[in-house]
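Heads up: the structure comes next, in C-alpha cells.
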Amino acid sequence: MNELDEAIVMAVAERSDEGVVALSGGVDSALVAKLAGRQCVVVGVAGSHDLLRARLVAGELGITLHEELIDQDDIEEALRRVLEIIPDKDPVNASIATTLYFVSRWAGRNGEKRILAGQGADELFGGYSRYLHTETLAKDMEEDFRKLPRQIARDQAVAGLFGAYFSLPYLDPRVVDAAQAIPAEMRVMDGVRKRPLREVAARHMPEEIAQYEKKAMQYGSGVMKEIERLAARKGFKKRLKDYLEEIGRRERLDMG
C-alpha cells in the first residue's frame, strides 16, 4: 500500500502548483483536496447533500471552500449548453455534465484554468455499488476503465466552455499501475468499495472521512432531481430522455 500512497501523493503534488479542487465530500475528492492544499469548490442546490458534506470535510481538513449554488433556471441553461457538446446525450451523461458545468463555470469566473478532480477512482478502485454483487468483478472493472476516455472527453468538453480543464491525479500512470497491481477482489472486499484508496486516505485524514460512502455527484448535488423536476414541469414527467431530446431539437431549430 505504500507504493499506492506514494503514487497518489506524487500525482497530486505535480498538479497542485495552481488551480482549484472540485470537492464533493467523498473520499476521492477529499484526498485530492487534502494533499493539494488548495482552495476548493462545491456545487449543489441549496440544502443538497454535497454542499453539507463538503462543508463538514473542509472544516475538518482546514480547507478553504467556495460554494456555487444552483437553481432551476441555471440548470436549464446548463443543459442546453452541454447537450450541444457531449457525445452521449442520455440522462446519466447529461446530468453529470450539467453538474461539472457549474464547477467549470465557477473556475472560469474566478480565473482558474486547472480543476483538480477525482475522476477515475471509481473505475480503478471499485467504487460502483454494482461491484458488490457481480460475479465477474475483475472483468467489469477492466471494461469500465476502458470506457473512461469517452467520459473524460465529455468532462473536458464541458470545462472547455469556460477556458478550463480537469486535471486528474488518479489517472496518472503511476497511480493506475499501482492500483491495477492490486487484485480486484482486494479493491472491493468484505462489502467495502475502494478499500485500498480508503486505506491510503486514512493515513492523511480522519477515518470517518476516509470511510464515508456518498452518492454520485449528479445525485449528491441535487442536479438530477432538479432536471427531473424541470422535465416534469415541461410535460415530460416520466420521459426524461424525451425531454433531453426536445432540448436538443429546439437547439437545432434555433441554429437553423
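Ring planes of His49 and Tyr212: parallel class, angle under 30° (limits at 30 and 60°).
Ion pair Lys215/Asp50 not flagged as a salt bridge, since none of the NZ, NE, NH1 or NH2 atoms sits closer than 4.0 Å to an Asp/Glu carboxylate oxygen. Taking a cutoff of 4.0 Å between a charged side-chain nitrogen and a carboxylate oxygen, Asp122 and Arg193 do not qualify as a salt bridge. Under a 4.0 Å N-O distance rule, the pair Arg233/Glu228 does not qualify as a salt bridge. Note on Arg174 versus Glu14: salt bridge recorded, some NZ/NE/NH1/NH2 to OD/OE distance being below 4.0 Å. With respect to Arg150 and Asp88, a salt bridge is recorded, a charged nitrogen being found less than 4.0 Å from a carboxylate O.
A cation-pi geometry, defined here as NZ or CZ lying under 6.0 Å from the six-membered ring centre and within 45° of its normal, does not hold between Arg80 and Tyr101. Geometrically, Arg130 engages Tyr128 in a cation-pi contact, judged by NZ or CZ lying under 6.0 Å from the ring centre and within 45° of the ring axis.
Not a single donor-acceptor pair under 3.5 Å links the side chain of Ser95 to the backbone N or O of Met224.
Looking only at atom types and distance, the side chain of Asn2 has a donor-acceptor partner in the side chain of Arg203 under 3.5 Å away.
With a 4.5 Å cut-off on side-chain heavy atoms, Phe162 and Trp106 do not count as touching. Tyr131 places none of its side-chain heavy atoms less than 4.5 Å from the side chain of Ser129. Looking at Arg198 and Glu207, their side chains never come closer than 4.5 Å, going by heavy atoms from C-beta outward. The shortest side-chain heavy-atom distance between Val188 and Arg195 does not fall under the 4.5 Å cut-off.
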Worked verdict on His204 versus Asp5 for side chain to side chain contact (heavy atoms under 4.5 Å, CB included) | CA-CA 10 Å; His204 299 276; Asp5 193 333; 3.0 Å; yes
Test His66 against Asn110 for side-chain hydrogen bond (donor to acceptor under 3.5 Å, both in side chains), laying out the working first.
-> CA-CA 11 Å; His66 303 276; Asn110 290 275; over 6 Å; no
Take Gln180 and Glu142 through the side-chain hydrogen bond (donor to acceptor under 3.5 Å, both in side chains) test and state the conclusion after the steps.
-> CA-CA 9 Å; Gln180 292 183 336; Glu142 183 178 343; over 6 Å; no
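Under the 4.5 Å side-chain heavy-atom criterion for Ile, Leu, Val, Met, Phe, Trp and Tyr, Leu137 and Leu197 are members of distinct hydrophobic clusters.
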Could you go through residues 51-61 and list every donor-acceptor pair under 3.5 Å that involves a side-chain atom there, pairing it with any protein atom two or more places apart or in another chain?
| unit_1 | atom_1 | unit_2 | atom_2 | d |
| --- | --- | --- | --- | --- |
| Arg53 | NH1 | Glu208 | OE2 | 3.3 |
| Arg53 | NH2 | Glu208 | OE1 | 3.2 |
| Arg53 | NH2 | Glu208 | OE2 | 3.2 |
| Arg55 | NE | Glu67 | OE1 | 3.4 |
| Arg55 | NE | Glu67 | OE2 | 2.6 |
| Arg55 | NH2 | Glu67 | OE1 | 3.0 |

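Counting non-hydrogen atoms of neighbouring residues, nucleotides and ligands closer than 6.0 angstrom, the NZ atom of Lys113 reaches no more than 12 such neighbours.
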